[in-house]
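Reading through the structure tokens given below for one structure.
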Amino acid sequence: MYNALDIARYVIAHENKHGRSVSNLRLQKLLYFIQVAFVSEYGPEHPCFSEPIEAWSFGPVVPCVYHAYKIFGSTGIPTSPQARNIKLQNADKNVINNMLNDSARYSTSQLVDISHHQLPWIEAHRNPFDNQITNESIAAYFQ
């Protein structure tokens with residue numbers, strides 16, 4: 001399992017390398033769909049990262065990553081020099097890269113819309129006391 005900030009740095013570097021700009025809003029959706037890919041592939045006990053995902057108004061958000069990059073607003077986030085030091089297992093890198101490449105055909109607003117039509121976000125967003133999107137809810141929806 002990885003740290004969500006490391007995965008975010010990897011995502012930003014990968015997308016920038018392929019000429020695709022990543023805003024904080026887009027980054028949040030990509031992290032959600034990466035978590036979906038891992039939970040779907042390996043089960044809820046083997047997510048990509050352990051940090052919680054919450055259901056916010058514009059879709060799923062990893063709060064610690066959001067706060068780290070909120071200074072960029074809606075602009076593209078530059079690649080961090082720390083991205084070079086991230087070590088991912090090849091199989092995990094393939095899962096992440098495949099999700100990023102599949103997601104590239106969708107605009108950020110389309111990714112928001114897709115997540116808004118999925119039960120993990122819908123159910124968590126409805127709950128005013130606990131808006132966490134659990135790996136179990138992801139697994140149940142995507143089984």
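Counted by atom type alone, Y2 and D92 present one or more donor-acceptor pairs between their side chains at under 3.5 Å. A donor-acceptor pair shorter than 3.5 Å can be found between the side chains of N101 and R20.
Between V62 and Y32 there is no side-chain heavy-atom pair separated by less than 4.5 Å. Counting heavy atoms from C-beta outward, N127 and E123 have side chains that stay 4.5 Å or more apart. When side chains are defined from C-beta on, S21 does not count as touching E15, because their heavy atoms never get closer than 4.5 Å. Counting only heavy atoms from C-beta outward, the side chains of I12 and Y69 approach each other to under 4.5 Å. Side-chain contact between L119 and Y141 is present, with heavy atoms from C-beta onward closer than 4.5 Å.
Separation of atoms OG (S40) and CE (M99) is listed at 7.5 Å; rounding is to 0.5 Å.
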Applying side-chain contact (heavy atoms from CB on, under 4.5 Å) to C48 and I96, what does each step give before you reach the verdict?
CA-CA 9 Å; C48 181; I96 293 168; 4.3 Å; yes
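A124 approaches I133 most closely through the heavy-atom pair CB-CG1, 3.7 Å.
Clustering of Ile, Leu, Val, Met, Phe, Trp and Tyr side chains at separations under 4.5 Å places V61 together with W56, Y66.
The backbone N or O of I71 sits nowhere less than 3.5 Å from a side-chain atom of N24 that would complete a donor-acceptor pair.
Considering only residues two or more places apart in sequence or on other chains, H18 meets the ring-ring contact (aromatic ring centres under 6.0 Å, His included) condition with H14.
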